[in-house]
Amino acid sequence: GFNGSGCEVSLWDVRSKKLLGDLRGNEQGVNCVKFLSNSSGNVVISGSKDSLVKLWDISKRECILEKRLPGMGCITDLISYPDGSVMCSTMNGCVLLTLDDRNMITETVCF
């Protein structure tokens, strides 16, 4: 879930209704968060108003990779695919991000 101030991702245990912690480091508001389809449940990806996509290790509560999408505007939605790729919908189009074996991101811009 998202905290009201918007520049962090708040992790909640929905069963116990307890806050587990926050993922901090975004400069502007976070618009969307998704668990990665091919992960063990310990990795989420977030998109924010400052065109920044971040990959988070939630067990360590740290960002493990980030990619800024200059000129694309704020990120409005994320879709995670089983192959590990993520479609980012932005104000100015879409970007397909693919993680390789070294956790490097390649991007394909589609309008």
Check whether any side-chain heavy atom of [X] sits under 4.5 Å from a side-chain heavy atom of [Y], and report yes or no.
X   : Y   : value
W12 : K18 : no
C32 : I75 : yes
V53 : L97 : yes
I58 : L11 : yes
D50 : R68 : yes
L55 : E66 : no

Shortest non-hydrogen contact between [X] and [Y], atoms and distance:
X   : Y   : result
L78 : K34 : O-CE, 2.9 Å
S51 : G73 : OG-O, 2.6 Å
S46 : W56 : OG-NE1, 2.9 Å

Q | Salt bridge R61-D22, side-chain N to carboxylate O under 4.0 Å | A | no
Q) Ion pair present between E62 and R24, side-chain N to carboxylate O less than 4.0 angstrom? A) no
Q. Measuring from N26:CG to E8:CD, what's the distance to the nearest 0.5 Å?
A. 8.5 Å
Q: Give a yes or no on this: more than 12 heavy atoms of other residues, nucleotides or ligands lie within 6.0 Å of atom NZ of K49.
A: no
Q: Show your reasoning for whether side chain to side chain donor-acceptor pair (under 3.5 Å) applies to S59 and N42.
A: CA-CA 6 Å; S59 61; N42 290 326; 4.9 Å; no
Q | Backbone of G71 reached by a side-chain donor or acceptor of N92 within 3.5 Å | A | yes
Q. Distance-only, no hydrogens or angles: does the S89 side chain make a donor-acceptor pair with backbone N or O of C94 under 3.5 Å?
A. no
